[in-house]
Chemist: 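One structure coming up, written as structure tokens, with questions to follow.
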There are 2 protein chains.
Amino acid sequence: MAEGHGSAIGGENLLFLTDEQLRKGIEAMFFAYRGFTADPDRILEAHGYGRAHHRALHFINRTDGTTVNNLLSILGVTKQSLNRVLRTLIEDGLVESRVGRTDRRERNLFLTEAGEALERELSEAQRERMRAAYRAAGPQAVAGFRQVLEAMMDDEIRRQYYSLRDRRA
Amino acid sequence: MAEGHGSAIGGENLLFLTDEQLRKGIEAMFFAYRGFTADPDRILEAHGYGRAHHRALHFINRTDGTTVNNLLSILGVTKQSLNRVLRTLIEDGLVESRVGRTDRRERNLFLTEAGEALERELSEAQRERMRAAYRAAGPQAVAGFRQVLEAMMDDEIRRQYYSLRDRRA
DNA sequence: CTTGGAATGTCAACAACGCTGACATAAAAT
DNA sequence: ATTTTATGTCAGCGTTGTTGACATTCCAAG
């Protein structure tokens with residue numbers, strides 16, 4: 001073994017755990033998230049909405065008929081914050097709020113056709129970027145990407161993520 | 001070939017490009033970013049700062065002596081936004097602003113000892129989560145994670161990310 | 001039936017952090 | 001000497017998060 005060029009710390013298997021590698025991962029996460037939101041942000045701005053509207057549209061589309069409370073726990077914001085966003089979406093005719101059938105205190109949320117159209121526009125832009133990244137990196141990298149992201153979530157969030165995973169094709 | 005259980009669309013190699021897989025990746029990114037920022041957010045709140053302060057501390061620490069303009073382009077915000085954050089950090093004695101030597105219009109930014117201490121506290125919390133995620137996922141997953149993230153960045157941002165990569169141990 | 005609690009909505013106020021626009025200053029560049 | 005560049009500052013605005021207080025509706029338990 002000649003000079004050290006990476007074999008320090010604890011064997012090459014642990015090289016990916018050096019502070020330097022971790023910092024690179026942190027910066028990659030920061031910069032990538034900017035890209036991740038860039039395309040939807042442009043579309044939203046043209047419609048006079050913000051990211052919060054996107055999130056609401058996404059998860060209402062995702063779990064059709066969800067209650068306000070369920071949406072709150074997924075989004076991790078207060079009801080007042082969500083309410084403000086939801087109200088504009090309802091006023092603008094993108095979301096419909098129906099009184100619950102079994103419990104009439106609850107409201108079930110649905111996208112209207114206009115809401116579905118905007119959701120599709122937003123998610124297609126975001127999917128297109130994700131698709132390009134996936135294609136560039138390849139299937140094995142994608143599997144690793146998902147593994148690391150899932151390990152990075154808070155426990156409770158991860159449970160919500162899993163319980164959300166395989167609904168509705 | 002019996003019944004279809006995944007072999008549709010375009011061969012299993014392309015299964016990771018289905019809209020369903022892409023949507024899962026999008027949601028993973030959303031939820032993981034929450035975890036990514038959760039620990040620093042708690043620390044920042046205790047000190048009366050926000051995420052913007054964290055970012056400024058991180059990149060000043062990263063590229064010691066950087067100019068305000070350079071920091072602006074890395075962070076992707078306006079000088080007015082950055083200035084507000086920078087002013088409080090300077091007032092609180094976490095950041096020092098020195099007049100440039102070659103060009104005295106420029107200001108070179110440095111962390112004070114107190115600034116370095118807070119930066120270390122923040123980044124150690126964030127690294128700890130990243131370390132746990134990396135350890136859980138393994139080196140191969142980490143490589144894939146980084147590949148996908150890099151592919152997801154805007155071109156210009158990716159250049160900045162690369163040019164930032166290997167400075168200073 | 002009355003009371004308590006859960007789910008929701010609304011109003012007010014506030015903070016963080018983006019943005020634009022306008023203007024001042026200092027120094028470099030022409 | 002004039003223009004441009006880099007920076008700072010002030011004022012104002014928008015989105016989206018926060019708390020706190022209070023009204024309404026309705027289920028459920030006493």
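First the proteins, then the strands, lettered A, B, ... as listed; each starts at 1.
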Chemist: Can you pull the contact range of chain A along DNA chain D, 5' to 3', using atoms under 4.0 angstrom from its heavy atoms?
Modeler: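 The footprint of chain A covers dT15(D) to dC27(D).
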Chemist: Identify which one of Phe59(A), Tyr33(A), Tyr161(A) satisfies the ring-ring contact (aromatic ring centres under 6.0 Å, His included) criterion when paired with Phe30(B).
Modeler: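 The passing option is Phe59(A).
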Chemist: With sequence neighbours excluded, tell me which residues meet ring pair (Phe, Tyr, Trp, His ring centres under 6.0 Å) with His53(B).
Modeler: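 Partners of His53(B) by the ring pair (Phe, Tyr, Trp, His ring centres under 6.0 Å) criterion, ordered by chain and then number, come out as Tyr49(B).
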Chemist: Sequence neighbours left out, what passes salt bridge (Lys or Arg N to Asp or Glu O under 4.0 Å) with Arg107(A)? Give chain and number order.
Modeler: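 If we apply the salt bridge (Lys or Arg N to Asp or Glu O under 4.0 Å) test to Arg107(A), skipping adjacent residues, there are no hits.
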Chemist: Measuring from atom CD1 of Ile60(A) to atom CD of Glu96(A), what distance do you get when rounded to the nearest 0.5 angstrom?
Modeler: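 Output value for this atom pair is 11.0 Å.
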Chemist: Kindly list each side-chain donor-acceptor pair under 3.5 angstrom involving residues 74-87 of chain A, sequence neighbours excluded, with atom names and distances?
Modeler:
from	atom 1	to	atom 2	distance (Å)
Thr78(A)	OG1	Ser81(A)	N	3.3

Chemist: With a cut-off of 3.5 Å and sequence neighbours excluded, list every side-chain donor-acceptor pair involving residues 131-139 of chain A.
Modeler:
from	atom 1	to	atom 2	distance (Å)
Arg131(A)	NH1	Glu124(A)	OE2	3.4
Arg131(A)	NH1	Glu128(A)	OE1	2.4
Arg131(A)	NH2	Asp19(B)	OD1	3.2

Chemist: What one-letter contact string describes nucleotides 8-18 of chain C from 5' to 3', where B marks a base within less than 4.0 Å of any protein heavy atom, S marks contact via sugar-phosphate atoms alone, and - marks no contact?
Modeler: BBBB----SBB
Chemist: With side-chain hydrogen bond (donor to acceptor under 3.5 Å, both in side chains) as the test, pick out the partner of Thr37(A) among Arg51(A), Arg129(A), His54(A).
Modeler: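 Answer after filtering Arg51(A), Arg129(A), His54(A): Arg51(A).
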